[in-house]
Amino acid sequence: MTFNELGLSEKVLQAVEASGYKTPTPIQAQAIPHALAGRDVLGIAQTGTGKTAAFTLPMLSRLEQGRARARMPRTLILEPTRELAAQVEESFIRYGVNHKLNVALLIGGVSFADQETKITRGADILIATPGRLLDFSERGKLLLTGIEILVIDEADRMLDMGFIPDIERICKLVPFTRQTLFFSATMPPEITRLTETFLHNPVRIEVARAASTAITIVQGLVASATGPAKRETLRRLIRDAADFKNAIIFCNRKRDVAVLHKSLQKHGFNAGALHGDMDQRARMASLDAFKTGDVDLIVCSDVAARGLDIPDVSHVFNFDVPTHAEDYVHRIGRTGRAGKSGVAISIVTRADQKHILEIERLIARKIDWLSKETIAELDVEDAPEAPSSPSKGARSRRAPHARDENKRAESSDAPQRGERPAPTRSRRRAEHPHAALAPVEALTEAKTATQAKTATEAKAAPVRRRPAPRPDDDDAPVVGMGDHVPMFLRRPVKAKPTKVAG
DNA sequence: AAAAAAC
C-alpha cells in the first residue's frame, strides 16, 4: 500500500514524498479515503499511530477548492494542550508547503494581536485550544459559521480535562452540515454519547488498543525511598542507562517538576522543564531545546504525557508513578516510537505499590524489578520528606556515589573546553545490548567509567566554593524557588500522609 | 491526587 492509492491530491502527495514517507500507517490507510469522500470519521487510535497525518492530509486536499473569508475560518481543529496544537500546526505547514493556505494557531498564554491579525485576514486552517477559541468567539472576532471540517482530537483527554462542555458549545457554533473527524484513544461512555450527538453516520476506525504498550519499550521498576534519596536514585538511573540518548522524566506535580529540574541542574545535568504553570514562551523553548538536543533531559508534568511526538526519545523515567494507570501508558509511549526501541523505568516507593498493580492489570503484564533491593528492604517509612534527615538504609549504600555527584555539580557551572556541559551525553555507555534487562551488570560496568570521567572533569574545571558536601544534605538547597527561602517554607505543608497508626 | 485550559 502506498500513499498514491488513497486519493490524495498531487500537491499533498509531493509534500508527503518530500518528507520521506512512502507507506501509510493503518489509521491513515483507513481514514484518508473516507475523509476525502466527506464522511464523518470516528478514529479510535493512540497517539503515535500516525493519527495527525490521517486528518491533515485529506484536509489539505479538500481545502484546495475554495478560499477563506475574513474572520471565517474554513476548518477547525481542537486540541487539549497548547503544545499539541502547535504540533498539529507544524504538520499542516510541513504537508502544506505546496499550498497557499493560511494557518492560524489560537492558544492561550500568548498575545491576542498576532492571532487576531491572522483570523481577520482569513484562515483556511484554524488550530485551537478550547479556551482561547471561545474567548475569540465571544468577543465577536471569530465566526465559526463557515467551518467545513471540524476535527476533535484526543477527545478522551478533553474529557479528563473537563473540556467536554466547551466542546459541546463549539459543536453548536459550527454549521450542522460540516464534516467531523473525531479521534479518541479510548471510548468511555461520555465520549460515546458525544459521538452519537455530533457525528453523522460516522465510519468507525479502530487501530490499536489504548491500553497496549509498544513491544519496543523495555519496562522496568526500581524501588526507592522518598525525599532526596529518590532524586539520587534517578541520577543513578540516568548515569547508568545503557544506550542513552535523551530522557523525559515525569513527575506527578508541577511543584516537583520545578524542584527536580533545579536539583538535576545543580548536579550538572543538562535538563529542561515543562509544566503548565510555566509561561508559554518558556514551555515552547524547553520543548524546542529538547527536540533539538540542546538539553537531553526534560522534566515534565502530565502536560507532556500524551501526544507529544518527539522522535528518538531513548528513555522515559517515571520519577513518580502515575496514580492513573492510563497515564502510565501515555507517558511511556513517548519512547519506543516509530519502531525504535525505548526504555521506560519507574521509580517506585512503598506508597506506589498499589498503583503498580493497577498498571500491571491495565497493560496485562508484569513489569520486572530492576533493583536488587526490594521496597520492603528500603527504609521507606523513615525516609524524610524534608532534606534534613537522611534515610539510613538506601542512603549509606550509595554514599560514595553522592559525594561524587557533588564534585560534578560544582564543576558543571564552568564551561568545559568551550562546550556547553552535556554530562549525560558524554557519559553515554558502551553498548550493552541487554543492559536494561540486566541492570546489575550494567551498573557495575557503568560505575567505574562514570567515576573516572567525573574525577577528570572535576580536576579540569574551577571549583565553585560551597559548604563541604555531606551525603545528608546534597539536595538541601533545592526548593524550586531559589536558594534563599525561609526554613518554614521548606517544610511539607501537610502532616506526613504515610504515617498510619500501628 | 494532580494536571490541563481564558483573560
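So that the names make sense, note that chain A is the first sequence line, chain B the second, and so on, each numbered from 1. The analysis underlying the following values was restricted to heavy atoms, covering all of them including side chains, and did not include hydrogens, waters or symmetry mates.
- Applying the side-chain hydrogen bond (donor to acceptor under 3.5 Å, both in side chains) criterion to Q87(A), with sequence neighbours excluded, gives no partner residue.
- Partners of E360(A) under the side-chain hydrogen bond (donor to acceptor under 3.5 Å, both in side chains) rule, at least two apart in sequence or in another chain, are K366(A).
- D160(A) comes within 4.0 angstrom of a nucleotide base, judged by non-hydrogen atoms across all strands.
- Regarding I152(A), its CD1 atom lies at a distance of 16 Å from the C1' atom of dA5(B), rounded to whole Å.
- T129(A) comes within 4.0 angstrom of the backbone, heavy atoms only, and of no base.
- The phosphate of dA4(B) has OP1 or OP2 within less than 4.0 Å of a side-chain N or O from S301(A).
- In this entry the distance linking CE of M158(A) with C1' of dA6(B) reads 15 Å, nearest Å.
- R283(A) comes within 4.0 angstrom of the backbone, heavy atoms only, and of no base.
- Distance CG (L133(A)) to P (dA5(B)): 15 Å, rounded to an integer number of Å.
- In the set dA5(B), dA4(B), dA6(B), the nucleotide with an atom closest to the side chain of E138(A) is dA6(B).
- Salt bridge E116(A)/R139(A): absent, no basic N to carboxylate O contact under 4.0 Å.
- A straight line from CG of L274(A) to C1' of dA2(B) spans 15 Å, rounded to a whole angstrom.
- Spacing between atom CZ of R169(A) and atom P of dA6(B) amounts to 13 Å, rounded to whole angstrom units.
- Geometrically, R239(A) does not engage F269(A) in a cation-pi contact defined by less than 6.0 Å to the ring centre and at most 45° from the axis.
- In this structure, the CD atom of E116(A) is 17 Å from the P atom of dA6(B), given to the nearest Å.
- Residue R82(A) is classed as a sugar-phosphate contact, given heavy-atom separations below 4.0 Å to backbone atoms only.
- Atom CD of Q115(A) and atom P of dA5(B) are 14 Å apart (whole Å).
- When the P atom of dA2(B) is taken as reference, atom NE2 of H275(A) falls 15 Å away, rounded to whole Å.
- Across all strands shown, G162(A) has no heavy atoms under 4.0 Å from either base or sugar-phosphate atoms.
- Between I127(A) atom CD1 and L84(A) atom CG the span is 11.5 Å, to the nearest 0.5 Å.
- D135(A) comes within contact range of at least one nucleobase, with a heavy-atom separation under 4.0 Å.
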